[in-house]
Structure formats: structure tokens, C-alpha cells
Amino acid sequence: YDPSAIIHHTPPPLHQSNNNHIIHPDITSHSPPSERTTTVPESTPNPSPPPTSPPQIHDRHTLSRPRNLYNRGFSALLLTQFLGAANDNILKTLLSFMVVTGVWAGKLGQGGQGWVSLGLTIPFILFSGYAGQLSDRISKSRVAVWMKIAEIPIAITAGLGLDYDNLPNTLMALIALATQSAFFGPAKYGMIPELVVDRHLYRANGTINMLTNIAVIAGMLLAGPVSA
């Protein structure tokens, strides 16, 4: 046994390529091609996609809306709402006068004006929800036109009832007018975004509410001279 015959084998150094690949010389020379290199890929952050702006949707109502607030369509809606609210409150106040101190005094019992107020209020409670669904299913402008057409014979019936001192017919006309107004309300507010541009919506809603309150006050004031 000769100790000098022992050959000290030093493993060859590892080499690093330019692409950060660690290559072992023995594996490269004796291993199959699929096992010759051990690759350590560099982690690169995924690039974020560029921000995209939301698509702009333009329907025919948006493109056709006038840019000024008091255009022809919205002005007609204001006038219609004013006359309708004044008409309802003139009839309500007339009935209240006549069942308290007029020709129908005592026919509805003590506090008969309370029944008159209920006749104007109950239809809004019962029919406003269904009126909103109806305005969604069919054209809002069509609902508004139908309600304004129906208001004409109802107002004639109320006038005839007052002229002939017919309390039941006048009360039925009042309830019918309130029902017509309940169906007209959702269509009215639904038409506002189609008649004015978005930047005028707040002013449009405020204007129509202001004119409605003015019509209520005007109807109550006009009922006195009409009943005289």
C-alpha cells in the first residue's frame, strides 16, 4: 500500500453564465441535455395594464336633451304641474268650505273637512307605488298625456257636482283627481332627466317643487272667491 498513490480529486468550480445560469461542468459533459443546466430565473414584476377609461354611453335621450334649463319640454312640464296642483287644491278647499259652513254643512258629520282631506290623500298612498311601476313599463310621456286627458272629464264632473249641489259626485271627482295626480307624479319626475342635462337636474327638481308649493297656496287662496 502506497499512500502517495492516493489521488486527491477536487471538484471543479461552478461557473455562472451571463444569464444568471449556474452550470456544473460534470453535469454539462455527462448528463442528458435536459439535465445539463440548472436555471435560476430572475423574478420580474408583472407589468400592470394601463388604466382604461370607462366607456361613455350615449342614448338618444342624452344626445337630444337641450342644454338650457327652461327649454320647451321642461317649461311645458312646469306649466302642467302648476295647473294640476292648483286644480286639485281649489276643489279640495271648496269642498272643505262647503261641508263646514256651506250648503253641505253637517252632511259629513263633525269635522267633515277631514274626510275631504282623506279623499285627496288616500289615492297617493294606494297608487303611487303601482304608478311608478307603470311608468317603468311603458313610456313616461304616454302616461303623462293619458293622465292629463283624463283630468278634463274629471274636472267637468266636479264642476257639475258643485253647480247642482251634488256632494257624492263632487267627492268622487275629488278622489278621481287625486288618483290621476298619483299616476302623473312618477311619470313627471321620471321625465326630468330626459328633458334637461345632468348639470341642471338639481335646479330642475327644485324649480318644480317650488312651483308645486306655489300652486297649492294659490289654489287655497282662489277657492275663497270661487265659493262666494
Minimal non-hydrogen separation, H200 against N68, with atom names: CD2-C, 4.1 Å

Nearest-0.5 Å distance that lies between atom NZ in K107 and atom CE in M98: 9.0 Å

Closest heavy-atom pair and its distance - L222, P225: O-CD, 3.3 Å

Inter-residue atom distance Q113.CD - K92.NZ, 0.5 Å rounding: 10.5 Å

Verify same cluster id: I90, M220 (apolar side-chain graph, 4.5 Å): no

Joint cluster assignment, V196 & L211, ILVMFWY side-chain distance < 4.5 Å: yes

Inter-residue atom distance T207.OG1 - L78.CG, 0.5 Å rounding: 6.5 Å

Residue from L201, D198, N205 passing side-chain contact (heavy atoms from CB on, under 4.5 Å) with P193: L201

Taking every non-hydrogen atom, the tightest pair across S135 and K140: O-CG, 3.4 Å

By side chain to side chain contact (heavy atoms under 4.5 Å, CB included) - contacts of M172 (at least two apart): none

Distance-only check: which donor-acceptor pairs under 3.5 Å involve side-chain atoms of residues 150-171, not counting sequence neighbours?
residue : atom : partner : partner atom : Å
E151    : OE1  : K148    : NZ           : 2.7
E151    : OE2  : N87     : ND2          : 3.2
T157    : OG1  : P153    : O            : 2.8
N166    : OD1  : N169    : N            : 3.3
T170    : OG1  : N166    : O            : 2.7

Side-chain donor/acceptor pairs under 3.5 Å, residues 126-133, sequence neighbours excluded:
residue : atom : partner : partner atom : Å
S128    : OG   : F124    : O            : 2.5

Under 3.5 Å, which donor-acceptor pairs link side chains of residues 177-190 to any protein atom two or more places apart or in another chain?
residue : atom : partner : partner atom : Å
T179    : OG1  : I175    : O            : 2.9
S181    : OG   : D88     : OD2          : 2.5
S181    : OG   : L177    : O            : 3.1
K188    : NZ   : Q81     : OE1          : 3.2
Y189    : OH   : N209    : OD1          : 2.9

Within one Ile-Leu-Val-Met-Phe-Trp-Tyr cluster: I122 and V116, side-chain cutoff 4.5 Å: yes

Qualifying residues under side chain to side chain contact (heavy atoms under 4.5 Å, CB included), relative to L79, sequence neighbours excluded: L83

Spacing of CG belonging to L69 relative to CZ belonging to R203, to within rounding of 0.5 Å: 5.0 Å

Side chain to side chain contact (heavy atoms under 4.5 Å, CB included) involving V145 - partner list, sequence neighbours excluded: I149

